Amino acid sequence: MVTMAQRIEELRTEKGLSRPALSAALGFPKMAMEKFETGRQTPTREQQVKMAGFFGVSLLYLRGESRDRTSMESWVDAVPDEEDTPAPPPVRKAAPKSAPAESSVFGSFMNSKQFQDSLHTAILDVLRSPEGQALLTNLIRKELDGRK
């Protein structure tokens, strides 16, 4: 069976990212990925959710509990109810005024062709899935019903 540490390393290398670059992209401490991949530290549930979303995989896949990357029914079971755990308000840090956002590691990552292509592919894959089709159908129905 695959461990979460092995799965994180596998997904990171697929994206072609270094440990510090992935930590920066996710807003984690610089050494977080090294600790997660070596098994010295287990990511919190919030960190796991953030990584699963970043890689476009289910929590069960990230944890090594499933070989199915995109099992949507597993996602539903794995995500806590919003009523049970209220989301904390987002914390926004102001960008340093001396450096434009594009010069940050995160800005460089977001502007990279590889990231944009990966994001585009992931979005299309989700929308083409049966779950994505059902979601789009429901959204379109709601929109059309609202116009009547």
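Treat the numbers as computed from the prediction; the structure is a model and nothing was measured.
Nearest approach of A5 to G39, heavy atoms of both residues: CB-N, 4.3 Å. Closest approach of F54 to L22, counting heavy atoms only: CE2-CD1, 3.5 Å. A pairwise comparison of heavy atoms in D68 and S66 identifies N-OG, 3.0 Å as the closest pair. Here the closest non-hydrogen pair linking M4 and P43 is CE-CD, 3.9 Å. Contact between L26 and K50 at its shortest, heavy atoms only, is O-NZ, 2.7 Å.
Side chains of V49 and E46 form no contact here, defined as non-hydrogen atoms less than 4.5 Å apart. Looking at heavy atoms from C-beta onward, F28 lies in side-chain contact with F36 at the 4.5 angstrom threshold. Side-chain contact between R69 and L11 is present, with heavy atoms from C-beta onward closer than 4.5 Å.
Expressed to the nearest 0.5 Å, how far OG of S23 lies from NZ of K30 amounts to 9.5 Å. Distance check: Q114 CD to K15 NZ gives 8.0 Å after rounding to the nearest 0.5 Å. Here the CG atom belonging to D145 is positioned 12.0 Å from the CD1 atom belonging to I140, to the nearest 0.5 angstrom.
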Ignoring hydrogens and angles, write down the donor-acceptor pairs under 3.5 Å from the side chains of residues 132-139, residues two or more places apart or on other chains.
residue, atom, partner, partner atom, Å
Q133, NE2, L127, O, 2.6
T137, OG1, Q133, O, 2.8
N138, ND2, A134, O, 3.4

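Side-chain heavy atoms closer than 4.5 Å link hydrophobic residues (I, L, V, M, F, W, Y) into clusters, and following such links, even through other members, never connects V2 to L59. I8 and M31 are members of different hydrophobic clusters when ILVMFWY side chains are connected at heavy-atom separations under 4.5 Å. One hydrophobic cluster holds both I123 and M51 under the rule that ILVMFWY side chains link at heavy-atom gaps under 4.5 Å.
Using a 4.0 Å cut-off between charged nitrogen and carboxylate oxygen, R67 and E10 do not count as a salt-bridge pair.
Evaluation of the side-chain hydrogen bond (donor to acceptor under 3.5 Å, both in side chains) rule for E37 yields R12, R19 as partners, not counting sequence neighbours. The side-chain hydrogen bond (donor to acceptor under 3.5 Å, both in side chains) test applied to S118 returns no partner, not counting sequence neighbours.
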